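What follows is one structure encoded as structure tokens, with my remarks underneath.
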Amino acid sequence: MIPDTTYLNISQLVSPGGTGASRGSAMRDLDIIADAAIAVDSGRIIWVGPERDLPFKGFHEVDCDGSAVIPALIDPHTHAAWGGDRYDDFEARVAGVSYETILARGGGIRRTIAMTTATPAEDLYRLTRNRVERLQLGGAATVEVKSGYGFTREGELASLEAIARVAAESAARVVATLLIHVPPVVAGERADYLDMVCRELIPEVTERGLATAVDVFIEREAFTVAEAERIFAAARGHGLAVKAHVDQFAAIGGVALAIEHQALSVDHLEASGPGEIAALAASDTVATILPGVSLHLGLPAAPGRALIDAGAIVALGTDCNPGSSPLYSPQLALALAVRLNGLTLAEALTAATANAAAALGRFDIGRLAAGMHADMIVLDGPDWREIVDTLGGNVPGSLYIAGEEVW
Ligand code: NIG
Ligand code: FE
């Protein structure tokens with residue numbers, strides 16, 4: 001095989017080691033090659049190694065100027081498709097009203113549902129696209145975007161259509177997830193709502209290829225374990241992967257259910273205890289932590305350290321959304337995971353790359369090795385640890401997606 005481009009003069013080429021998801025202490029195993037080069041053909045990496053061993057000469061060359069190169073970040077959890085804002089909720093929370101109380105009163109997620117469903121399709125597309133572009137400036141080449149503020153069949157389809165258009169028209173790799181977010185307020189309407197989700201929405205989303213996974217918010221103020229089980233069964237019956245928001249405020253059994261259904265990931269985990277940690281360590285389900293939520297809501301941080309010490313596969317996301325984590329920077333999520341969740345620098349990088357890919361069921365991104373897509377960040381300095389040390393701001397350097405420079 002012959003490259004179309006070689007990337008030269010790389011001080012450190014840094015990538016999570018191994019293949020597939022990295023578990024427990026293996027999250028600290030980075031492959032670091034000094035004075036390295038990368039060869040790329042048609043957007044895929046065909047060779048990495050020390051530059052002196054590069055077997056290809058005379059192809060298009062990119063001089064990385066003595067900088068470190070890392071895999072592009074992957075944000076496996078966002079709610080970037082929303083209309084309106086939650087500034088009033090934020091003021092109420094600062095004045096002492098809890099997130100759950102605001103939601104129980106019909107605010108919070110329900111307020112965003114009202115504002116999103118009142119947003120014209122073109123505006124929802126533009127808002128979603130702008131947010132995905134901000135997440136790219138924060139280092140992400142791949143961004144998962146959930147629906148979940150559409151609520152009705154029509155509303156959810158409209159959100160997924162906006163996400164599909166962003167996927168088609170932006171440079172980012174966009175992964176769409178159908179999120180079944182909150183049940184109807186009137187208890188008597190819950191069963192009909194679940195019927196609609198399982199018998200109409202999931203089949204239509206599958207048929208139109210609008211999402212690859214279904215996510216459910218399992219929580220006291222959202223869906224019960226029994227309700228989530230029905231949704232998971234419908235999703236899996238249609239060949240979709242499953243994911244869940246679990247243990248954000250209370251551990252009500254979502255982790256065990258999700259593992260039983262071979263979920264790709266369970267996300268949040270702020271309220272997880274030893275039982276949930278042990279169950280995740282014994283499973284292939286990725287534990288996705290979201291430090292922006294801890295910062296914005298003042299929740300205890302998810303037990304990232306304990307999960308890794310127990311042997312779990314830990315990933316990391318922004319949870320970019322208007323209510324619990326208005327965080328547009330995957331880089332800052334990476335930096336916060338070290339400060340708030342107790343990850344080491346190397347673990348945080350693995351969580352935001354190879355393991356974030358695994359949380360999306362993807363094994364062709366998140367590492368810099370032959371066969372992978374050439375999604376990478378050429379940093380602006382010689383030491384990769386800058387990306388974890390820095391607190392916010394756009395990531396300095398250049399982002400490449402499939403070998404093409406995006407910024
Ligand atoms: O991941 N917890 C549920 N869903 C979102 C919050 C959405 C919102 O507050 O609008 C989350 O935190
Ligand atoms: Fe979320």
Side-chain angles (χ1 to χ4, degrees), residues 75-93 97-117 119 127-128 131 135 143-151 155-156 159 163 175-183 213-223 228 231 242-252 254-255 258 263-272 286-302 315-328 330 333 356 359-360:
D75 192 343
H77 185 138
T78 86
H79 303 253
W82 80 82
D85 65 68
R86 294 264 283 284
Y87 308 139
D88 294 345
D89 284 3
F90 184 31
E91 298 234 51
R93 283 201 307 99
V97 188
S98 78
Y99 178 90
E100 279 182 293
T101 304
I102 292 170
L103 179 57
R105 286 180 186 164
I109 295 168
R110 296 188 192 281
R111 176 181 168 82
T112 301
I113 287 171
M115 296 182 96
T116 303
T117 50
T119 301
L127 289 164
T128 307
R131 293 180 189 125
L135 290 158
V143 177
E144 187 248 22
V145 184
K146 302 175 196 296
S147 64
Y149 297 121
F151 187 66
E156 285 299 308
S159 290
I163 297 165
V175 177
T177 299
L178 169 66
L179 170 61
I180 308 304
H181 212 168
V182 285
V214 178
D215 190 337
V216 183
F217 183 20
I218 304 173
E219 189 61 50
R220 291 179 302 215
E221 291 300 331
F223 292 96
I231 298 167
V242 299
K243 302 169 90 69
H245 282 66
V246 297
D247 298 4
Q248 184 179 3
F249 300 100
I252 62 165
V255 169
L264 282 178
S265 72
V266 285
D267 303 39
H268 275 290
L269 307 168
E270 292 87 346
S272 297
V286 176
T288 301
I289 58 174
L290 308 165
V293 178
S294 306
L295 188 63
H296 191 59
L297 296 188
L299 291 184
L316 176 56
T318 60
D319 198 11
C320 178
N321 79 75
S324 71
S325 182
L327 172 58
Y328 293 81
L360 298 175

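Note: hydrogens, waters and symmetry copies are ignored here, and every other heavy atom, side chains too, is used. Everything numeric here is computed off the predicted structure, so don't read it as measured data. Atoms within each ligand, like the ligands themselves, are counted from 1 in listed order.
When each of E219, R220, E221, R111 is tested with L103 by the rule side chain to side chain contact (heavy atoms under 4.5 Å, CB included), just one qualifies, namely E221.
At a cut-off of 3.5 Å, with distance as the only test, a side-chain donor of S265 or K243 sits close to an acceptor on the other residue. With hydrogens and angles left out, the side-chain atoms of D267 and H245 include no donor and acceptor closer than 3.5 Å.
Legend: residues meeting side-chain hydrogen bond (donor to acceptor under 3.5 Å, both in side chains) with T318, ordered by chain and number and at least two apart, are D75. In this structure Y99 satisfies the ring-ring contact (aromatic ring centres under 6.0 Å, His included) test together with F249, sequence neighbours excluded.
A 4.5 Å side-chain heavy-atom check between H268 and D247 finds every atom pair outside the cut-off. Here the side chains of Q248 and S324 are in contact, with some heavy-atom distance below 4.5 Å. Using a 4.5 Å heavy-atom cutoff, the side chains of H77 and D319 are in contact.
Enumerated by chain and number, the residues approaching ligand 1 to less than 4.0 Å through a heavy atom are H77, H79, R86, Y99, I109, Y149, H181, F217, H245, Q248, H268, D319, N321, G323, S324.
Ring-plane geometry between H79 and H181 is classed as parallel, the angle between the planes falling under 30 degrees on a 0 to 90 degree scale with a further cut at 60.
Counting only protein atoms, the N, O or S atoms lying less than 2.8 Å from the Fe ion (ligand 2) are H77 NE2, H79 NE2, H245 NE2, D319 OD1, ordered by chain and residue number.
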